[in-house]
Structures are given as C-alpha cells and as structure tokens.
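Here is the naming used below: chain letters follow the sequence lines, and residue numbers restart at 1 for every chain. Heavy-atom basis, side chains included; hydrogens, waters and symmetry copies ignored.
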Amino acid sequence: MPKIEGTERIDPYRIRVPKGFVQGMKTEGIIFVDEILEQELEFDSVKQVANVATLPGIVGKSLAMPDIHTGYGFPIGGVAAFDAEQGIISPGGVGYDINCGVRLLKSNLTKDEVEPKIRELVDLLYTHIPSGVGSTGKIRLNYEELKKVVRKGAIWAVEHGYGDADDLKRIESHGCLDGADPEVISKKAYERGKDQLGTLGSGNHFLEVQYVDEVYEPEIAQAMGLFKNQVTVMIHSGSRGFGHQICDDYVRDMLQAAKKYGIELPDRELACAPFLSKEGQRYFSAMKGAANYAWANRQCLMHWTREVFLRVFKVSPKELAMRVVYDVAHNIAKEEFHIINGKRRRVVVHRKGATRAFPEGHPELPDCYASIGQPVIIPGDMGRVSFVLVGLQRAMDETFGSTCHGAGRLLSRTQAIKQAKGRAIKEELAQRGIVKICW
DNA sequence: ATGTCC
C-alpha cells in the first residue's frame, strides 16, 4: 500500500503521482523515494509535485528528489523544466534563498595534522566568518559597487583580492551568470544586501572542517585531488537578505503577472509569468543577480577560511594548497538544453533543493572534470558524513541532470527545536570528537 | 532561507 493514497510505486526507487492527483495536471509526477523514505513523505509535498505539473509549458515530468519536503509553492527537492518559448518561470521554483549552495575546499593537510589544533582553528574561523541572522560582514558596499557584484558574481570577489582566478574554474557557471540586470533589483534588496557579503547566515548554513573518510572511486577522487584522511572544508550558504528580498519582491510581481496572462494557479505560492514576458525576464535577471551575489559570498567566505588556515598552521599558500573542488548551486533556475523524447529543446530548469549533476563530456564542465562528470556535493546532517559524487548520463535522461541536495528534513525547524529541548547537542557532539560553535 | 510579522 502506498503511504500517500493515489500514488503508485513504479520500482524500488520511484513512485508516480498520476495525472488526476490534482485537477489540471499536464504531466505526471515522479518522486525518487525507496520504501523507507516513502514513509516520511508528507501529503502536502506530494500535492506540491502535482500542482507544479499544472503549470503552463511544463516539459517532461514534475520531479522530486529523495530529500523532498514541503516548501513554498514548489516542494524542496523539486525539479521542473518549462519550455523556454511556451513555459513559465516561477520564484517559488527557485526558493527564497536564491543560489543557496555548497562549496567544497581541499587542502594538503591530513586529519592527524589538523586534529591537535582543531579547537584553535574552529575558534578562529568563527571569529573571522560572521554568522547568524542579520549578520553583517567586513565588506561595506555602496550601491554602485553592489551592482558590480550583481553583474560579476565570484569574478568581482577575485578582482577585489578574495581568492584568485583559478578558483573560478571550479564553480558552477564559473561563479557568474550572464544577463544579471542591476536595474531590476529593488532599493530595499540593495539595503539588505550591502553589508551582508561575506557572511554565512543561519539555519542549516554552515562552515565545516571535514576529512575524507572513505574513497569509493579512486580514479574519480584522484581527478578531484581528494585522498583518504585529507582535510577538507565544506561551506553551505546563499544570497542572504539580498536574495530573500528579491524573491519577496518578485513573488508579489508574479502574482500580478499570472493574473494578467490568465495563468490559473492551484496555489498562490506558484505565482509565475511566461518566461519570455517582460515580467518573467525581469525576475530571471534579478534572480541571476542574487545568484551572482551568492557566488561572490561563498568566494569571500572561502578566502577568509584560507587565511585562517594559513595563520593556524603557519604554512605557505603553496604548502596549504587550499583549492576549490567544486561549488554547486542548489536553488536556481537555468536556461539549458535537454533531449526530450529524442528532441533537443531549450528549457528553463527549476532546481529547488536539488543539485545539478551533469555527466562526463558535458560542455559546461571545466576541462579538469570533463572526463569524470560534474562533482556533486551532498552535505549530510550535523555529526554525520557528507558525500562527493559525480553526475552520470542517467541523471541527464531522467531528471534534467539533477540529484538531491542534502540530508533532507524530517522535522520542521520549530518541531526540531521543540524535540531537542533539554538536549546538550554541543556536548553530545564533543563526546564524538566534534567541535561545534554556533551563535 | 529570512531584519523568523509591514
């Protein structure tokens, strides 16, 4: 018996949300869950998969990755592609934290070398990397400068001394989407964003010092410069108040647009506009600006991480060899080409809590990864392991080149806080040798 | 995710 009435199991890893689950579905939904994860499925998130299938111009199926949970309009873990000529774009399909994403750094240090200094290292990282709700950083930008960040993304950061050009190669889209328009972003967004560049944020955003515990594919690990017991750093952050404000502004805008273009919405949170309409293009340009801000943000966070490591371990930059393995966006909409029913089509792929996972040979991959596929970074939950994977052709065939984005969420934030009441999580982690600092 | 309610 399926957990959610009306859904059907296709195979051990997929369930179907048939047309008719909600009225007006143009295609079926597919959710990638095994029988264990199926037990955690929320009715609301399944309904959201079905609702997305009603939107104009949807191409292929309305998809959800294994870490699916209920989000704003679209489910988190949702992947949906819309025809670039006939389809829509929706802020709800990207999420409030535009270009929330993960960056993995490697070093030349080993676990044995870092362990004795982990307390000092973590303390200094905490001092130099601002975090928490509303946190501001060491970078103060005026509007003109922030507009440059909007246009140039991580390139802006490198040009201003935060890292070097080599870092840019191993960032999705090289850390900059062309076509970001600073003029379609509100004054309010600029106000919120101008002092927040180079800040981590809150919630599940983190900076974690890790080590390579196990290598499953030696050749792939080698191509990424990863080896057993090597110390790595994972950074999970996004576009802070800047992207949040842009999403907020455009959800309102798109509600009007949906009305104007006669788009029937099963849920107001699916507010959208035709991709080619001026409203659709305006959101897309603003979203690109927020995505670029997020890439500049992670670039700055990485730069200070590198500086802290250099100080604590008193080594030269060459000896430390702290380099980007890869940086992925997991909340974004992108114009891409995909083969659907044998035909190559230009589509707008919405990935909301889903990671791009392009296979070997894809033209968007940097040379160093051309023969192994795109690195995919999947953070685990606190105190557990994270994963580095590569995209395969199967992802291209089934999910528009996408996979899951993290550990998922079994409890809402408030539920989790309530359930954890009385627990000393910091001490629990300390007993397992994990040093944790949180604002 | 988020100046966790304009």
Side-chain angles (χ1 to χ4, degrees), chain A residues 44-45 48 65 67-78 90-103 129-137 139-141 146 185-208 234-253 255 268-269 271 283 286-287 289-298 301 328-333 350-355 377 379 381-382 404-418 420-421 438-439:
Chain A
D44 286 350
S45 69
Q48 289 183 329
M65 303 300 110
D67 49 340
I68 177 173
H69 50 282
T70 308
Y72 181 88
F74 287 54
I76 293 155
S90 172
V94 172
Y96 268 86
D97 191 2
I98 296 165
N99 192 4
C100 184
V102 198
R103 177 179 296 216
I129 299 194
S131 63
V133 180
S135 54
T136 53
I139 302 170
R140 293 289 126 103
L141 302 174
L146 188 45
I185 292 166
S186 69
K187 190 171 178 232
K188 205 169 167 185
Y190 283 116
E191 275 306 316
R192 287 181 70 174
K194 67 186 172 59
D195 298 336
Q196 288 196 324
L197 198 65
T199 66
L200 201 52
S202 70
N204 60 7
H205 286 171
F206 65 82
L207 186 153
E208 188 173 77
M234 197 175 276
I235 298 170
H236 179 215
S237 187
S239 52
R240 311 286 290 102
F242 187 64
H244 189 276
Q245 188 59 47
I246 288 170
C247 181
D248 207 44
D249 293 338
Y250 278 94
V251 160
R252 259 185 287 264
D253 208 41
L255 211 50
R268 286 167 56 89
E269 294 182 357
Y283 166 67
M287 184 219 73
N292 288 346
Y293 183 100
W295 273 313
N297 190 33
R298 292 196 286 275
L301 295 171
V328 294
H330 58 217
N331 279 11
I332 204 160
H350 293 62
R351 295 189 184 90
K352 182 192 194 177
T355 312
I377 307 163
D381 57 358
M382 193 164 52
C404 67
H405 84 306
R409 181 182 294 285
L410 287 176
L411 301 169
S412 72
R413 284 158 208 263
T414 41
Q415 279 174 326
I417 290 165
K418 216 167 149 184
K421 208 178 160 190
C438 187
W439 59 281

Heavy atoms only, 4.0 Å cut-off, all strands: where does G95(A) land among base, sugar-phosphate and nothing? nothing
Between Q48(A) and D44(A), does any side-chain donor sit less than 3.5 Å from a side-chain acceptor? no
Would you check if there is a donor-acceptor pair between the side chains of H236(A) and H330(A) at a distance under 3.5 Å? yes
Tell me what Q196(A) touches on the nucleic acid: a base, only sugar-phosphate, or nothing, going by heavy atoms under 4.0 Å. sugar-phosphate
Between dT2(B) atom P and D248(A) atom CG, what is the distance in whole Å? 13 Å
Separation of H244(A) atom NE2 from dC6(B) atom C1', in whole Å? 14 Å
Expressed in angstrom and rounded to an integer, what is the separation of D249(A) atom CG from dC6(B) atom P? 13 Å
Separation of atom CD in Q245(A) from atom P in dT4(B), rounded to whole Å: 12 Å
Rounded to the Å, how far apart are N331(A) CG and dT2(B) P? 11 Å
Using side-chain heavy atoms (C-beta onward) and a distance below 4.5 Å, is M287(A) in contact with I246(A)? no
Under 3.5 Å, is there a donor-acceptor pair linking the side chains of S237(A) and R103(A)? no
May I ask you to verify if any side-chain N or O of S202(A) is less than 4.0 angstrom from the OP1 or OP2 atom of dT4(B)? no
Please report the distance, rounded to the nearest Å, between OH in Y250(A) and P in dT2(B). 21 Å
Applying a 4.0 Å non-hydrogen cut-off, can you work out what K188(A) is touching in the nucleic acid: base, sugar-phosphate, or nothing? base
Nucleotide dT2(B), atom P - distance to CZ of R240(A) in whole Å: 5 Å
Whole angstrom is fine here: how far is it from OH in Y96(A) over to C1' in dC5(B)? 13 Å
